[in-house]
Amino acid sequence: MEINVQKVIIAGEEKEIARGTSCGDAFKAALSGKRFKSVLAARCGDALLDLSASIPLGCDELVPVDAESSEGLGLLRHSAAHIMAAAVRRLFPDVLVTIGPAIENGFYYDFDYKRAFTPDDFAAIEAEMNKIMTENIPFARRELGKKEAIELFRGMGEHYKVELVEAVADSHVSIYSLGGFIDLCRGPHIASSGQLKAFKLLSVAGAYWRGDENNQMLSRIYATAFGSEAELKAYLNRLEEAKKRDHRKLGKELSLFDFHEDVAPGMVFWHPKGMMLRTILEDFLKREHFKRGYQFVQGPQILRQEVWMKSGHYDNYRENMYFTEIEKETHAVKPMNCVGHMLIYGSTLHSYRELPVRMAELGVVHRHEMSGALHGLMRVRQFTQDDAHIICAPEQLENEILDIIKLISDLFGLFGFEYTLSVSTRPAKSIGSDEAWELATNALIEAMKRIGAPLKINEGDGAFYGPKIDCLVTDSIGRKWQCSTVQVDFTLPERFDLVYVGSDGERHRPVMVHRAILGSLERFIGILIEHTAGKFPTWLAPVQAKILNVTDAQAGFTEEAAKLLTGAGIRVETDLRNEKLGYKVRQAQMEKVPYILVVGDKEVEAKGVNVRLNNGDNIGLKTLEEFIELIKTDCDEPFKRGGMSYSFS
RNA sequence: GCCCACAUAGCUCAGUAGGUAGAGCGCAUCCUUGGUAAGGAUGAGGUCAGCAGUUCAAUUCUGCUUGUGGGCUCCA
């Protein structure tokens, strides 16, 4: 082999390539013209390279990267962010640029400008981007020493970029220029602006520089890009479809709940149907907790301020608490249930034989969240937690955590939700000793390892009193919401001087775990509504069957049938209105009732109902007894897997 | 709390370049008794979010407040 030639597998075929050949030239020689056009970058091992980069020495395989792959799409979007920034710079020359990464479904770029951008600016920016695409300007990479780069950006007045370069650990940084637009960037990028085919600006938002609310508020433009117009259109359609599942819209349409913003912003008014759903969920939760050795308790809603000072909430959580003065004494509405449970545990002396003590409460808490943070059922100011506090000996901790994770997976599995678990470590604002924090954090990590869950760590994201495991569930448009939380706490038992008597007759300090499985019932139901698009499984549906009479002549039997079914524990409604059958079917269908039962003369004679399923299928005439069996089987269906059950009352 | 947008009938939304408002759905009454996604007629419903300001006149323009939506921050 000659010294200036290397063997490289290019797109699956081994080639001899002259040293110094660019990735792009190598692909151009190896691929068809059409295929080559779709190639955005090159991958060698784990490294992504610009097409203009020379093939690295020692690279034995070069893989073409296009917009079909997630890495290719990310790169395309990142380049689109540069193109957007270049367009904004052309239109608003004195804008300062900051950062513009690709994100899950698109990209954004944060600008500092004398005014905020608005959607009215989109048309002009998009037009300028299209112009840049037509001009087909190459992305040119250059490596600079840090000092040189700082001077370059300082000369341009780009102080955000100067700050970014200063934070880089390496001695050199790379910059990319797109025509006259120069940006600090690790790269890689598409070869030239003409490779961007389909993009759309979506929304504007304020965002703090480096995510810190003490910093300058920047103007962020969100946008997305795809490999083709068709894919972009499909994505925008999907978004539209997802909006139809929005729990706020369905909550109103299905008459589950509403808000009275004028009198109680961020607090839910549950309507009969929503409350029915909640009640069934609560009953089910209670039974599952009893089976797992939990005892239900209930503490007061309002407690004197001094107890919150003792617990540490006053120092750490005051801004989010509601206070009220009663007989010159300041009281606080509970933002958490722990204090009540601590006091219940502490009111008697416990033996090690009783541990672990598992105290559960469907606890209503109030937290004054900032007004801009409220969001339907997902983020409210008053909510109900399926909360529990487990008080145990330190050596029992890991097993308790394992059982909790098992419960999380059972419950979320039942509803078919996808979720991710992560461990959050000590935050800046916290109480407790270093040693306690380390012990608690390790217990969580060990439990995660034992169940083999992928270990994700959120540094500094723990509660002020302890580290935690959080569970995130996704809503209909891809936003992630925290549901389950498992928090180890060494400080509250200390503050409330909780003890148990060990086998040695001495008093010992127990460890406490705070945990919620669904998290908040409000948020959980919000996600459930979006997940099911309002078509709840039969066991949860507020109305399981709706009986419609064809004409007034069958009203009597319809009412009798409804009474009989209700007596059998089925949630039934009738629609006896003087309307055509088609009209009543349509309405019941839109209410997403699982079973629509029609009663005409034939059914009266047979003492039965004609059964139409929610999917529109008609399964014919059933006697009332047959229908009761049918619906019971349907209710039990989701519980066949796992150790849970739904007992038909 | 911060940035942008928005607030009209129970719901979804038109509208007024400043002269106090409309539709569809829903609701009520009547006609219609019709077999699986909308039969017809008539009618009731609005201090145009609240408070100021400009104006002969404000739902419309301006400011503030409250709330909502999308984000940031925060969080179950």
Side-chain angles (χ1 to χ4, degrees), chain A residues 108 110 115-121 202-222 243 246 248-249 252-253 255 258-266 317 319-320 335-336 363 365 367-387 424 427 461 463 468 470-473 477 479 481-485 487 514-524 526-527 548-555 578-590 596-603 610-613 616-618:
Chain A
Y108 67 79
D110 286 349
R115 66 168 175 88
F117 293 113
T118 77
D120 293 338
D121 297 315
L202 297 174
S203 61
V204 292
Y208 300 106
W209 167 237
R210 301 196 139 180
D212 185 334
E213 61 182 319
N214 301 312
N215 284 345
Q216 171 74 27
M217 169 78 59
L218 305 170
S219 183
R220 173 174 298 179
I221 300 178
Y222 281 99
K243 279 185 189 156
D246 189 311
R248 292 166 299 188
K249 182 174 147 70
K252 201 175 276 177
E253 285 172 7
S255 194
D258 75 342
F259 289 90
H260 292 251
E261 289 91 1
D262 47 344
V263 296
Y317 206 70
E319 307 92 84
N320 287 57
M336 299 181 193
V365 296
R367 300 181 184 177
H368 188 87
E369 302 298 345
M370 290 191 289
S371 54
L374 301 179
H375 182 94
L377 291 181
M378 305 298 203
R379 191 78 190 279
V380 289
R381 287 183 175 151
Q382 178 194 308
F383 58 99
T384 309
Q385 294 181 300
D386 60 336
D387 203 0
S424 297
D461 222 17
K468 56 182 186 171
D470 287 323
C471 167
L472 295 179
V473 184
I477 61 166
R479 284 178 295 219
W481 298 94
Q482 185 176 321
C483 288
S484 323
T485 183
Q487 310 177 352
H514 309 249
R515 47 110 285 189
I517 306 300
L518 304 189
S520 110
L521 295 187
E522 286 76 6
R523 179 175 289 179
F524 180 81
I527 295 169
L548 323 176
N549 55 339
V550 179
T551 71
D552 288 348
Q554 302 91 30
N578 175 14
E579 297 288 353
K580 284 196 172 173
L581 184 61
Y583 181 85
K584 295 204 271 193
V585 166
R586 175 172 191 267
Q587 189 159 329
Q589 197 74 42
M590 290 194 306
I596 297 173
L597 311 179
V598 171
V599 174
D601 287 336
K602 276 181 275 179
E603 288 74 24
N610 188 278
V611 181
R612 177 187 164 116
L613 306 181
D617 287 354
N618 193 310

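Below, chain A is the first sequence line, B the second, and so on; all start at residue 1.
- Taking atom P on both rC4(B) and rC64(B), the two are 11 Å apart, rounded to the nearest angstrom.
- Taking 3.5 Å as the limit, the base of rG1(B) and the side chain of Tyr208(A) contain a donor-acceptor pair of atoms between them.
- Under the 4.0 Å criterion applied to side-chain N and carboxylate O atoms, Asp121(A) and Arg115(A) are assigned as salt-bridge partners.
- OP1 or OP2 of rG70(B) has at least one side-chain nitrogen or oxygen of His375(A) nearer than 4.0 Å.
- Partner assigned to rC51(B) is rG63(B), using Watson-Crick or G-U wobble distances below 3.5 angstrom.
- Without hydrogens or angle criteria, Ser219(A) side chain to Phe117(A) main chain gives a donor-acceptor distance under 3.5 Å.
- Remark: Glu603(A) engages no residue in a salt bridge (Lys or Arg N to Asp or Glu O under 4.0 Å) (not counting sequence neighbours).
- The base of rC74(B) lies close enough to the side chain of Arg379(A) for a donor and an acceptor atom to sit less than 3.5 Å apart.
- Comparing Phe383(A) and Ala553(A) against RNA chain B, the residue whose closest nucleotide sits nearer the 5' end is Ala553(A).
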**Prompt:** What one-letter contact string describes nucleotides 4-15 of chain B from 5' to 3', where B marks a base within less than 4.0 Å of any protein heavy atom, S marks contact via sugar-phosphate atoms alone, and - marks no contact?
**Reply:** S------SS---
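- Distance Lys580(A) NZ to rC31(B) P: 17 Å, rounded to the nearest Å.
- Residue-to-nucleotide contacts include a donor-acceptor pair under 3.5 Å from the side chain of Glu603(A) to the base of rG35(B).
- Across the interface with RNA chain B, nearest-nucleotide mapping of Arg479(A) and Arg523(A) shows Arg479(A) to be the residue nearer the 5′ end.
- A distance-only check finds no donor-acceptor pair linking the side chain of Gln482(A) to the backbone of Cys471(A) [under 3.5 Å].
- Rounded to a whole Å, the CG atom of Asp470(A) is 14 Å from the P atom of rC74(B).
- Taking atom P in both rG71(B) and rA38(B), the straight-line distance is 36 Å, to the nearest Å.
- The base-pairing partner of rC30(B), taking Watson-Crick or G-U wobble contacts with both distances under 3.5 Å, is rG40(B).
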**Message:** Base contacts versus sugar-phosphate-only contacts with protein, heavy atoms under 4.0 Å: please encode nucleotides 59-67 of chain B as B, S and - from 5' to 3'.
**Reply:** --------S
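- If you check rC74(B) for Watson-Crick or wobble pairing at under 3.5 angstrom, you find it has no partner at all.
- Judged as a salt bridge (Lys or Arg N to Asp or Glu O under 4.0 Å), and not counting sequence neighbours, the contacts of Arg379(A) are Glu369(A).
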Hey, what are the protein-to-nucleotides 41-44 of chain B N/O distances that come in under 3.5 Å?
none

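- The glycosidic torsion of rG22(B) lies more than 90° away from 0, placing the base in the anti range.
- Comparing the C1' positions of rC6(B) and rU29(B) gives an interatomic distance of 38 Å, to the nearest angstrom.
- The CG-C1' distance, from Leu218(A) to rG71(B), rounds to 13 Å in whole Å.
- The side chain of Met370(A) approaches rG1(B) more closely than any other nucleotide in the set rC75(B), rG1(B), rG34(B).
- For the P atoms, the distance linking rU65(B) with rC3(B) amounts to 11 Å, nearest Å.
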Between the protein and nucleotides 25-30 of chain B, list the N/O to N/O atom pairs that are separated by less than 3.5 angstrom.
from    : atom 1 : to        : atom 2 : distance (Å)
rG26(B) : OP1    : Tyr583(A) : OH     : 2.7

